[in-house]
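A quick write-up on the structure given underneath.
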Amino acid sequence: MTFLFVNLLLTLTWAAVSGSFTVHNLLLGFAAGALSLWLVREQFSAARRRIRPVKLLLLAALFFKELALSAIKVAVMVLRPDMRLRPGIFAFPLSLTRDFEITLLANLITLTPGTLSVDVSDDRKTLYVHALDCHDPAAEKRAISLGFERRIREAFPL
Amino acid sequence: MAGDIDMIMAIAVSLLLVAGSVFTVLAALGLLRFPDLYTRMHAASKAGTVGSGLLLLAAGIHAGETAILLRALAGFAFFVLTAPVSAHLLAKAAHQAGYKLTNLSVTDQLPQSKQKSVVI
Amino acid sequence: MSAAEILSYSIHFAAAALSLGLLLTVLRILRGPALPDRLLGLDMLVAIAIGFIAVIAIKSGFNLYIDIAIALSLVGFLATVAFARFILARGLSPETEKGRETMPKPRHGKPARRKHKGAR
């Protein structure tokens, strides 16, 4: 069921991107969508989950806000004569457990102000984050766990 | 009326162009000014991504067709999705290979001993 | 000022800024000091090239350029991933010997490991 829904969504995207809504093009899009879904079928069926669309949109909005802020912050920092850097790598204890959540969090962290995820420990309990200003790792950790981590948990309830 | 819309479009595209190119050139400057690989990566992966993304968006809006705008948006989304992955992979590889952080660094809690197990 | 004039000015500004960005990035690639830094510069070069292609798409009006930019971002991402894997597999490069003077910590152990790698 979800398979068909995602396939239809892909078909519509295909038609919109290629710019024509003829029957042939829709059929071609459907076939291409089915093929690509078939290629990722294992990850797809393993990742069966509930999603809260509104919370997901909130997460996306927060992400774009943070992305803009981080680009501006880095730009300002580059222009500062002395830069005042105190970089370092701190360990962030993960409370998220599933792989796709950790991946999402790592990607979000990389594109937010002053932080860049470097590595995940083998037991998936710790995320190592490089920060441009690392004189107060506790504050950074709190910001991540109260910001993105909470939003991700809300958007993808167990 | 058509002239007004043209004007608004031109101003929007111009703003995106200027903002995107400023971000890109600042990212390049950051690449040059930051002291070590990991801090440079901040500049490249944030400001660089936003800069190129804004320029793509400007091209999409300027075209004035929904299909092309959507294509540009897809390119932007792809860029935003892949930039952190490549930055993350590069940082991880460099750290495991043993490239050090700058002397200014205050902490490094990522264990270095792990690299001994990495023999590919 | 007419819409076309504004657009033309901002296109020229963007092209100039991106050229400067390319120059700065090339400077970083030349300076190194090690392979990951150069790789980051290469990544940035691709990002700037994508921005440039978007600007050219606006200037010339050929919307096909946007597809080219997207394809280039795909190739650039794959290249970065491949290079990162290479760094992971190879470990420290010999050219970091000079940079090591300032950070003398891993003097012991590492050279032996590299020799072992070279013998393979």
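Protein chains get the first letters and strands the later ones, always in sequence-line order, with residue 1 at the start of each.
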### Ring centroid separation A:His130 to B:His42 under 6.0 Å
yes
### Query
What's the spacing between A:Ile72 CD1 and B:Phe23 CZ if we round to 0.5 Å?
5.0 Å
### Summary
Correct closest heavy-atom pair for B:Leu26 and A:Val78 would be O-CG1, 3.7 Å
### Task
Could you tell me which non-hydrogen atom of A:Val118 sits nearest to which non-hydrogen atom of B:His88, and how far apart they are?
O-CE1, 3.4 Å
## Note on the structure
Here the pair of heavy atoms bringing B:Ala47 nearest to A:Ala71 is CA-CB, 4.3 Å
### Query
Could you walk me through whether B:Lys92 and A:Val120 pass the side-chain contact (heavy atoms from CB on, under 4.5 Å) check?
CA-CA 9 Å; B:Lys92 181 187 154 102; A:Val120 184; over 6 Å; no
### Query
Which atom names give the shortest non-hydrogen contact between A:Leu111 and B:Ser45, and what distance separates them?
CD2-O, 3.5 Å
### Task
To the nearest 0.5 Å, tell me how far A:Leu116 CG sits from B:Thr39 OG1.
10.0 Å
### Where B:Leu81 and A:Asn107 come nearest, the two heavy atoms and their spacing
O-ND2, 3.8 Å
### Query
So which part of B:Val22 gets closer than 4.5 Å to some heavy atom of chain A, the side chain, the backbone, both or neither?
neither
### Query
Would A:Thr110 and B:Met41 satisfy side-chain contact (heavy atoms from CB on, under 4.5 Å), going step by step from the backbone distance to the final call?
CA-CA 10 Å; A:Thr110 297; B:Met41 225 167 261; over 6 Å; no
### Task
Examine distances only and state if a side-chain atom of B:Lys46 and a backbone atom of A:Lys73 form a donor-acceptor pair shorter than 3.5 Å.
no
### Message
Can you tell me which portion of A:Leu79 sits under 4.5 Å from chain B's heavy atoms? Options are side chain, backbone, both or neither.
### Response
both
### Message
Please classify the contact between A:Thr115 and chain B as side chain, backbone, both or neither, with a heavy-atom cut-off of under 4.5 Å.
### Response
backbone
